[in-house]
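Note sheet for the following structure.
All of these numbers come straight from a predicted model, not from anything done at the bench.
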Amino acid sequence: MIKSFDGTFRWLSNFWPAEVMFEGVKYCSVEHAYVAAKTLDLNLRQEIKDIPKANKVKLFGRKMKIREDWTDQLRLEIMEDLVRQKFSNNKDLKELLLLTDNEEIVEGNHWHDLFFGKCSCEKHGGEGQNNLGKIIMKIRQELKENNT
C-alpha cells in the first residue's frame with residue numbers, strides 16, 4: 001500500500017510539475033489548475049497561474065473566495081480531469097503509475113483533508129474518503145486497459 005505522496009511517491013502529489021489544461025489555459029501543476037478552478041474570476045486565475053510554487057498556490061487558495069457552485073461533485077469532476085491529464089500526457093508519470101500495479105494508493109496526510117485523502121492526525125486516526133487516491137487508481141486501471 002502507498003500510504004502518502006512523499007519520498008519515493010512524491011510524483012503522485014498534485015504539487016508535482018505536470019502541465020495540465022483547464023478551460024483553455026495551461027498550468028504547471030494539477031494544484032495550480034485545481035485552485036484556479038475554484039474561482040470564476042479570470043484575473044485571479046492568472047494570478048494563480050503565475051505563482052511559482054504549488055505549496056504557495058495551495059495557501060493562496062485557502063484565502064480566496066470560492067465560487068458559489070463549488071460542489072463536491074464539481075470538485076471530483078475537475079480533479080479527475082486534471083489528474084487524468086497528468087498521467088496521460090506525461091510518459092514518465094504514466095510509466096511510474098503503471099509500475100504501482102495493483103497497490104492501494106492512499107493520499108495520507110496530517111492536515112485534515114478528509115475529502116481527498118485520509119488524515120493520520122491523532123484526532124482523525126486515518127479517517128477520510130481518499131477521493132484522490134481513488135481517482136488515481138481509477139486512472140491507473142484505465143491506462144492498464146488501454147495499454148494492452
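When hydrophobic clusters are built by joining Ile, Leu, Val, Met, Phe, Trp and Tyr residues whose side-chain heavy atoms come closer than 4.5 Å, directly or via intermediates, Val57 is not grouped with Leu42. With hydrophobic clusters built from ILVMFWY side chains whose heavy atoms lie under 4.5 angstrom apart, Leu44 shares a cluster with Ile66. Residues Phe15 and Val35 do not share a hydrophobic cluster, clusters being chains of Ile/Leu/Val/Met/Phe/Trp/Tyr side chains in contact below 4.5 Å. Linking Ile, Leu, Val, Met, Phe, Trp and Tyr residues whenever their side-chain heavy atoms come within less than 4.5 Å leaves Leu40 and Leu82 in two separate clusters. Residues Leu74 and Ile48 fall within the same hydrophobic cluster, defined by Ile, Leu, Val, Met, Phe, Trp and Tyr side chains chained together at heavy-atom separations under 4.5 Å.
Expressed to the nearest 0.5 Å, how far CG of Leu12 lies from CD1 of Ile136 amounts to 5.0 Å. With values rounded to the nearest 0.5 angstrom, Asn90 atom CG is found 8.5 Å from Leu96 atom CG. A distance of 9.5 Å separates CE in Met64 from CZ in Arg67, rounded to the nearest 0.5 Å. Annotation: the span from Ser120 atom OG to His110 atom NE2 amounts to 7.5 Å, rounded to 0.5 Å. Summarising the geometry, atom CD1 belonging to Ile78 is positioned 7.0 Å from atom CD belonging to Glu23; distances are rounded to the nearest 0.5 Å.
Checked by atom type and distance alone, the side chain of Asp113 pairs as donor or acceptor with a backbone atom of Phe115 at under 3.5 Å. Formation of a donor-acceptor pair under 3.5 Å by the Glu127 side chain with backbone atoms of Leu114 is not found in this model. The backbone N or O of Glu95 sits nowhere less than 3.5 Å from a side-chain atom of Asp92 that would complete a donor-acceptor pair. No side-chain donor-acceptor contact under 3.5 Å links Ser29 to the backbone of Pro17. Formation of a donor-acceptor pair under 3.5 Å by the Arg84 side chain with backbone atoms of Ile135 is not found in this model.
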Fill in: Asp72 and Arg75: CA distance, side-chain angles, deciding distance, salt bridge (charged side-chain N to carboxylate O under 4.0 Å, His left out) verdict
CA-CA 5 Å; Asp72 286 351; Arg75 294 169 68 194; 3.1 Å; yes

Discussion item. The test is side-chain contact (heavy atoms from CB on, under 4.5 Å); show your working for Leu143 and Ser88 and say whether it passes.
Written reply: CA-CA 8 Å; Leu143 291 171; Ser88 299; 4.1 Å; yes

Discussion item. Under the criterion side-chain contact (heavy atoms from CB on, under 4.5 Å), I'd like the reasoning laid out for Ile105 against Phe5: C-alpha separation, chi angles, the key distance, then a yes or no.
Written reply: CA-CA 9 Å; Ile105 298 173; Phe5 299 171; 3.6 Å; yes

Worksheet item: Between Asn102 and Lys144, does a side-chain contact (heavy atoms from CB on, under 4.5 Å) hold up when you go through it step by step?
Response: CA-CA 10 Å; Asn102 291 321; Lys144 279 184 188 180; 2.4 Å; yes

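Tyr27 places a side-chain heavy atom less than 4.5 Å from the side chain of Arg45. In this structure, the side chains of Leu98 and Phe87 stay at 4.5 Å or more apart for every pair of heavy atoms. Counting only heavy atoms from C-beta outward, the side chains of Val25 and His32 never approach each other to under 4.5 Å. A heavy-atom distance below 4.5 Å is found between the side chains of Phe116 and Leu76. Side-chain contact check for Asp81 versus Val20: every heavy-atom pair is 4.5 Å or farther apart. Using a 4.5 Å cut-off on side-chain heavy atoms (C-beta onward), Lys118 and Lys3 make no contact. With contacts defined as side-chain heavy-atom distances shorter than 4.5 Å, the pair Met1/Val106 qualifies. The side-chain heavy atoms of Met79 and Asn131, taken from C-beta on, include no pair separated by under 4.5 Å.
Taking every heavy atom of both residues into account, Lys86 and Ser13 meet most closely at NZ-O, 2.7 Å. The two residues Lys58 and Trp111 make their nearest non-hydrogen contact at NZ-NE1, 4.2 Å. Across Lys56 and Ile51, no two heavy atoms sit closer than the pair CB-CG2, 3.6 Å. Taking every heavy atom of both residues into account, Glu104 and Met137 meet most closely at CA-SD, 3.7 Å. The minimum heavy-atom distance linking Lys26 with Glu19 is given by the pair CD-OE1, 3.3 Å. Of all heavy-atom pairs between Asn130 and Glu107, the closest is OD1-N, 2.9 Å.
For Asp50 and Gln46, the side-chain atoms include at least one donor-acceptor pair closer than 3.5 Å.
Residues in residues 42-72 take part in these ring-ring contact (aromatic ring centres under 6.0 Å, His included) pairs, two or more places apart or across chains: Tyr34-Trp70.
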